[in-house]
Amino acid sequence: MPEIVEPMQPEVKATAESAGPTPVTGRIVLGTSCTIHEARSLREQMMVQAVHPGPFEIDGSAVQQIDTAGVQLVVAFALDCLERGVPYAWKGRSPALDDAIRVLGVGALLESPSGVFA
Amino acid sequence: MTLDLAQFHETFFAESFEALDQMEAALLKLSAGDADAELVNTIFRVAHSIKGGSATFGFTDVAGFTHILETLLDQMRAGKRRVDASLVDTLLRSCDLMRAMLGATQQKQPIDKARVSALHAEIELIMETPGEAVATPAPSAPVMAETAAPAPAPAAAADAPSGWRIHFAPGPKLLQHGNDPLRLLRELATLGPCDSRVDAMRVPPMIELDPEDCRLSWQIDLRVPVKEAVVRAVFDWVEGECDLRLESYGPAFDAAAPVVAPAPVVAVAAPAAAPAATAVVPAAAAAPAADDGASAHKAAAAGDGGSIRVSIEKIDELLNSVGELVITQSVLSQLAAPLEGHDAEEFRNALGQLERHMRNLQESVMRVRMLPISFVFNRFPRLVRDLGQRLGKKIELRLTGEGTELDKTVLEKVGDPLVHLVRNAIDHGIESPEARLAAGKSAHGVIELSAYHKGGNVVVEVRDDGGGLKRDKILAKARERGLVGPDEELSEERVFNLIFAPGFSTADVVSDVSGRGVGMDVVKRNIIELGGHVQIQSTAGKGSMVRIRLPLTLAILDGQLARVGDEVYVVPIVSIVETIQVRQEQVSSIAARAEVFRLRDDYLPIVRLYDLFGVEPQHTELLDGLLMIVEADGKRVGLFVDELMSQQQVVIKSLETNFRPVVGLAGATMLGDGRVALILDIPGVITRYQSQDKRPASSAQQAA
């Protein structure tokens with residue numbers, strides 16, 4: 001099941017005040033299974049995160065099973081970020097997620113846009 | 001909320017069973033040692049699709065077995081393994097097993113794991129045995145050759161283009177139907193190197209996105225020379241649910257190939273210009289030109305691209321509603337009849353239009369239920385092959401009229417009786433090759449199954465050129481069992497009909513006719529329950545023919561209403577020859593038991609319906625009423641009725657369901673005035689008439 005971790009507001013904010021990279025206000029942790037079965041709940045929780053101003057961190061390191069519906073959601077989230085000009089970054093991508101991104105040819109869409117923190 | 005894939009299970013099962021029928025038909029055509037490439041491809045595609053579907057739905061046993069089967073088929077496809085009778089036999093058994101596994105899964109029953117393991121081991125053993133490679137693979141066979149990276153690529157097909165640009169735009173509901181482009185693109189990659197570029201233009205903002213809809217589409221460059229059919233086969237399972245276009249590349253593929261490096265979002269979203277060297281191959285245009293059957297298959301499939309699967313219950317509900325409308329329309333017509341004046345005339349005109357529209361509507365709905373008899377015939381090549389092999393008989397099966405259509409319900413119910421007849425023809429009709437040669441016949445026996453329309457009915461014939469029925473032996477057996485009196489003489493037809501008699505067990509009948517009675521009473525009963533009739537003809541030493549006459553539909557009938565006293569009967573119009581008035585002097589009696597009258601060169605029995613069904617008539621004098629000459633199974637009788645009423649289509653309501661079966665009645669219907677009318681079953685009427693006081697068969701029959 002997808003897991004979404006609540007924004008790490010106190011810590012992030014503290015980091016934001018420092019001179020380091022752009023602070024993360026939202027983090028999306030993809031669960032072990034991101035398929036059409038989990039798509040609705042994953043979307044709902046992404047929507048909850050989307051209200052934050054960003055930047056976002058996407059952790060895909062736990063993904064073991066993913067299908068087109070799961071990848072499409074991540075793409076939709078990335079496109080929303082792009083449209084809002086909100087940066088995001090990948091914390092990690094599992095081999096299963098990487099393979100799905102490669103086969104579906106969405107790698108270019110999920111690249112961190114230039115200027116975005118990494 | 002998660003997606004319930006179970007709602008697509010039935011569609012998957014239905015499509016898989018149909019695909020297995022195709023696989024079986026292809027296997028039967030696969031003659032030993034001659035691996036027709038397209039047949040092998042067809043078989044492979046079925047296994048491949050079932051594997052993919054069952055994996056999607058989590059039917060792991062089915063997916064596991066079809067995986068190993070697919071591997072074996074791939075060896076055949078690659079020309080690495082020669083097809084022989086033994087291999088075909090294994091594949092046929094695999095087909096049976098897949099059917100059984102899918103059936104068990106569908107019924108939520110346990111799968112016979114021992115059977116699966118045994119066949120699995122057998123296939124593994126075959127694969128471990130070095131296969132005798134086909135010396136020269138058929139030119140159209142896509143030959144799989146292992147390549148180092150990134151994926152096994154088919155060796156160049158001589159007449160295939162150097163590659164393909166594939167435009168794949170799934171319909172929005174594709175994911176919800178259990179299909180996954182990720183899986184399809186992975187399968188495509190097994191053909192050879194491919195580069196996919198996504199088009200995310202249709203992906204709406206997250207807030208508007210239904211996450212179960214598919215909004216992505218792809219442009220894929222497949223850099224391998226394979227035939228179009230091979231590429232399209234990957235998308236078999238999503239046919240009708242996506243927009244799929246293929247552009248072929250010529251030899252300058254590499255030069256013309258687009259840059260496939262990751263592109264920025266805008267570039268991805270922009271429509272890519274087609275390279276100058278490409279040629280758009282629309283499915284419909286390409287199919288006729290393609291030299292392989294797969295394309296033809298695709299073309300056929302493309303032809304019914306607009307079709308949908310509808311449950312038979314829904315069609316029956318529709319048909320029932322139409323039936324009720326017919327009754328209502330009939331009520332309106334009846335109410336309008338006594339009206340007078342200008343308005344009444346207009347009203348009646350409108351009713352006439354309504355009647356025409358109703359008839360069109362009824363016919364349209366009926367056509368939806370019609371299916372070609374090939375759905376039943378298709379099982380016989382396998383049956384004949386297997387049973388013939390087991391009995392050591394050489395049998396050729398000839399099928400004609402497979403396209404003849406009849407109602408789905410009739411079709412479903414006629415299958416088992418036909419299996420009985422064909423099995424009996426193989427088992428007991430066709431002689432052994434030695435016996436045939438000794439009788440001066442070809443060693444190969446012939447069984448012919450044919451279907452055709454005749455007089456509002458569908459006729460199905462099962463013929464064999466075997467030894468035929470032995471009249472004397474049947475008669476002797478019937479006398480021994482008391483079915484026929486010691487001195488009673490029967491016509492040849494009636495003797496042959498004895499094999500349909502219940503209790504005419506064949507176990508103790510002499511061998512050359514034995515088995516002809518096994519289940520034959522059940523065959524006849526089933527056909528009669530369908531409103532059909534069975535006839536048998538046989539010539540000793542030359543063979544037999546069983547002719548089944550079936551109604552096109554069980555739901556609606558064109559009838560002539562006839563009144564007898566206060567009762568109204570519906571006589572099927574297809575059975576009516578003519579209606580006449582007879583004078584008493586034309587009538588004579590036979591042994592004081594029956595009245596017959598002369599009609600031109602025939603003597604026909606008179607069946608007084610009031611007498612047959614015990615109703616009070618208006619007239620008993622023949623001159624006061626009418627004789628309807630009706631015919632069934634070559635027998636004609638005159639039905640005496642008080643008067644004829646209108647002709648109309650009636651909706652048949654089953655007597656058996658609502659009351660009980662009555663010999664001579666096919667059902668009942670509701671008339672426009674709300675009265676119930678009984679529908680005559682003419683063969684049943686004749687049977688009922690003959691059984692009264694053992695009256696003679698029709699005079700026409702006797703005269704003949």
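We use all heavy atoms of the structure for the numbers below, so side chains are in, but hydrogens, waters and symmetry mates are not. Chain letters run A, B, ... following the sequence lines, proteins first, then strands; residues in each count from 1.
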Trainee: Under 4.0 Å between a side-chain nitrogen and a carboxylate oxygen: does that hold for A:R40 and B:D210?
Mentor: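 Yes, A:R40 and B:D210 are salt-bridged.
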
Trainee: Can you tell me how far CD1 of A:I101 sits from OG of B:S196, rounded to the nearest 0.5 angstrom?
Mentor: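 If I round to the nearest 0.5 Å, the distance is 13.5 Å.
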
Trainee: Are any side-chain N or O atoms of B:W218 and backbone N or O atoms of A:G105, one a donor and one an acceptor, separated by less than 3.5 Å?
Mentor: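 No; zero donor-acceptor contacts below 3.5 Å.
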
Trainee: For chain A, which of B:L188, B:V203, B:I207 has the most heavy-atom pairs under 4.5 Å?
Mentor: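 Going by pairs under 4.5 Å, I would pick B:I207.
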
Trainee: Shortest non-hydrogen contact from B:P205 to A:D80?
Mentor: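 Heavy-atom minimum between the residues: CA-OD1, 3.5 Å.
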
Trainee: For a 4.5 angstrom cut-off between non-hydrogen side-chain atoms, does A:L104 reach B:L185?
Mentor: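 Yes, close enough: below the 4.5 Å cut-off.
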
Trainee: Roughly how far, to the nearest 0.5 Å, is the NE2 atom of A:H37 from the CD atom of B:E212?
Mentor: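 The CD atom of B:E212 sits 9.5 Å away from the NE2 atom of A:H37.
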
Trainee: Select one option (side chain, backbone, both, neither) describing which atoms of B:R215 are under 4.5 Å from chain A's heavy atoms.
Mentor: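 Contact with chain A involves both backbone and side-chain atoms of B:R215.
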
Trainee: Would A:L79 and B:M206 satisfy side-chain contact (heavy atoms from CB on, under 4.5 Å), going step by step from the backbone distance to the final call?
Mentor: CA-CA 9 Å; A:L79 290 178; B:M206 182 82 90; over 6 Å; no

Trainee: Say you draw a straight line from CG of A:L109 to CZ of B:R197; how long is it, rounded to the nearest 0.5 Å?
Mentor: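 A:L109 atom CG to B:R197 atom CZ measures 12.0 Å (nearest 0.5 Å).
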
Trainee: Heavy atom to heavy atom, less than 4.5 Å: which residues from residues 64-74 of chain A reach chain B?
Mentor: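 Answer by number: A:I66, A:D67, A:T68, A:A69, A:Q72, A:L73.
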
